[in-house]
Undergrad: 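Quick one: this structure, given as structure tokens, is what I'll be asking you about.
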Amino acid sequence: MTPGGPPAAFPDPLADPPERAALRATVRRVVDAVSPPGRIAALDEAEEYDTDLFDALAEVGIFSAGAPAAAGGLGDVRDQLVVVEELGAGPTSMAAYAIAHFAVTQTIATHGHTPDHADLARRLVAGTTHCSFALSEPAGGTDVARVMQTRAERVPGGWRLSGEKRWTSGATIAEAIVVLARTSPIDRSPVQGITMFLVPVDAPGLTIRPIPTFGIRGCSTCEVVLDDVVVDDDAVLGAVDLGMRQVFATVDREGLNAAAACLGVGRAALDLAVAYVSEREVFGRPIGGFQAPQHRLVDAAVALEGARSLMWRAAELEVAGAPAGVLASMAKLAASEAAEQVARDAMQFLGGTGYVRDVAATRLFRDVRLWAFSPLANEMVRNRIGEAHLGLPRAT
Ligand SMILES: Cc1cc2nc3c(=O)[nH]c(=O)nc-3n(C[C@H](O)[C@H](O)[C@H](O)COP(=O)(O)OP(=O)(O)OC[C@H]3O[C@@H](n4cnc5c(N)ncnc54)[C@H](O)[C@@H]3O)c2cc1C
């Protein structure tokens, strides 16, 4: 993992136990074999999804990590963190996709109620299909429950959905999309009255359009337009009007997975910077021998280690069934900010080389931006910690 842990006589309490170390080694092996750096850069440039990598990861059972046991899942959230961190350090777009894949698998496995839903959950765990999750909308992602325009109305035998979703990850490769739609007017709380639907992508009236993005270019980010899309009653996942509350149950885990992706990016950027400043000389000595860059890299290592500790504490709480929300929020905040800073520093210390498109530094810098505002903007993450941890009045 990271260099400089405790000496062997004092085992690192955060070190992977043997099974998780094997899982980490497997992800690294598959990535090295199928998606080495040149291919990652080429696919990023071409804005192409790495189907071969997904299939190779599926073949060794990676998408069962931390998934519900009823659908064939194994292990717990800690296994997902290992997978996502390793993908974050290399094919970061696949890390972003994997986070979405794990979340949608959890949702369908938990709230599905038909044999078809159970079959879909099993295929997601096996990694033989893809699904997407469409919550955010053009009018807003942060307070999406309040501004949600997508509506579902009852029709005989089912529901008719109309509206527009935005930023839906992987919709171009999905078999079906979990769509959240307002089914009852806002009464006491905007969180009430929203329902989850499983909508097949070939449903008449559904249109998917990719959006060109700054980063995570190896996974499509899409607009999904629903123009009087009719689904039957079985398309409802979970309970009518309680969809938003059902989503909240996956939020902490998504935040933790985002932290893991950022730790992967941060580690990769730090490794790149350390290797470069150790070799490259200015004024007759390595750049890393100057105090200013060295201290920045030390600060990055400290910040990443702090975020790592928060992430594992939160994960251990989740596994123990204790509330993990505050520590998960802290981990996401700390990891995303540390990784963004070190990705920027790596570009700086690489000078002109750090400005070349197919050098990993620029891609890491672009990719990691995502997690400063997603799945929840860091301002909202701070609000959450302020209220829940410090007991401050709810901030808006
Ligand atoms: C590559 C990518 C993939 C995504 N994948 C998915 C997906 O699969 N499914 C899905 O549903 N969504 C997805 N999203 C959407 C993502 O979750 C939203 O972008 C995010 O929730 C922010 O919503 P927004 O973009 O509408 O920004 P807004 O809600 O408009 O917020 C904009 C900015 O306002 C500021 N802000 C917000 N609230 C506060 C506050 N309380 N106090 C102070 N400042 C505040 C923050 O700086 C924030 O970044 C994805 C987005 C991207 C870019």
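The figures that follow rest on heavy atoms only: side chains count, while hydrogens, waters and symmetry mates do not. For clarity, every value in this text was computed on a predicted model and none was experimentally measured. Remember, it's 1-based here, ligands and their atoms both numbered in the order they're listed.
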Undergrad: Below 3.5 Å, N or O to N or O, backbone or side chain included: is there any such pair between Ser374 and ligand 1?
TA: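 For ligand 1, there is an N or O atom that lies under 3.5 Å from one belonging to Ser374.
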
Undergrad: State the atoms of ligand 1, each with its element, that fall below the 4.0 Å cut-off from a heavy-atom position in Ser169.
TA: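 Per the distance check, 3 (C), 4 (C), 5 (N), 6 (C), 7 (C), 8 (O).
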
Undergrad: Could a heavy atom of Ile216 be found less than 4.0 Å from some atom of ligand 1?
TA: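 Contact absent.
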
Undergrad: Does any N or O of ligand 1 fall below 3.5 Å from an N or O anywhere on Phe133, backbone included?
TA: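 Yes, there is a polar N/O contact under 3.5 Å.
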
Undergrad: Which bit of Thr213 gets closer than 4.0 Å to ligand 1, counting heavy atoms only: side chain, backbone, both or neither?
TA: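 Neither part.
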
Undergrad: Considering heavy atoms of the protein only, find what lies nearest to atom 51 (C) of ligand 1 and give residue, atom and distance to 0.1 Å.
TA: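 It is Trp167 CB, 3.5 Å.
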
Undergrad: Who's closest to atom 1 (C) of ligand 1 heavy-atom-wise, of Thr221, Asn378, Val178?
TA: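 Going through Thr221, Asn378, Val178 one by one, Thr221 has the nearest heavy atom to atom 1 (C) of ligand 1.
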
Undergrad: Consider ligand 1: state whether an atom of it lies below 4.0 angstrom from any non-hydrogen atom of Pro375.
TA: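 Heavy atoms of Pro375 do come under 4.0 Å of ligand 1.
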
Undergrad: Taking the minimum heavy-atom distance to atom 37 (C) of ligand 1, which of Thr142, Thr168, Leu376 ranks first?
TA: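 Looking at heavy atoms only, the winner is Thr142.
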
Undergrad: I'd like to check whether Glu379 has a polar contact with ligand 1, where a contact means an N/O of the residue lying under 3.5 Å from an N/O of the ligand.
TA: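 N/O-N/O distance below 3.5 Å exists for this pair.
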
Undergrad: Say whether Glu137, considering both its backbone and side-chain N or O atoms, lies within less than 3.5 Å of an N or O atom on ligand 1.
TA: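 No; the residue has no nitrogen or oxygen that sits under 3.5 Å from a nitrogen or oxygen of the ligand.
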
Undergrad: Could you check whether Arg217 pairs with Glu48 (Lys NZ or Arg NE/NH1/NH2 to Asp/Glu carboxylate O, under 4.0 Å)?
TA: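 No, this pair does not count.
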
Undergrad: Of the side chain and backbone of Ala377, name the one, both, or neither that has a heavy atom under 4.0 Å from an atom of ligand 1.
TA: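 Within the 4.0 Å criterion, Ala377 contacts ligand 1 through side-chain atoms alone.
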
Undergrad: Passes salt bridge (charged side-chain N to carboxylate O under 4.0 Å, His left out), Arg253 versus Glu318? Steps please.
TA: CA-CA 9 Å; Arg253 184 173 280 208; Glu318 189 192 311; 2.9 Å; yes

Undergrad: Just heavy atoms, cut-off under 4.0 Å: does Met380 contact ligand 1 by side chain, backbone, both, or neither?
TA: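 It is the side chain that touches ligand 1; the backbone stays farther off.
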
Undergrad: Only heavy atoms of Gly141, strictly under 4.0 Å: list the atoms of ligand 1 that pass.
TA: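 Reading through ligand 1 atom by atom, the close ones are 21 (O), 23 (O), 24 (P), 26 (O), 29 (O).
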
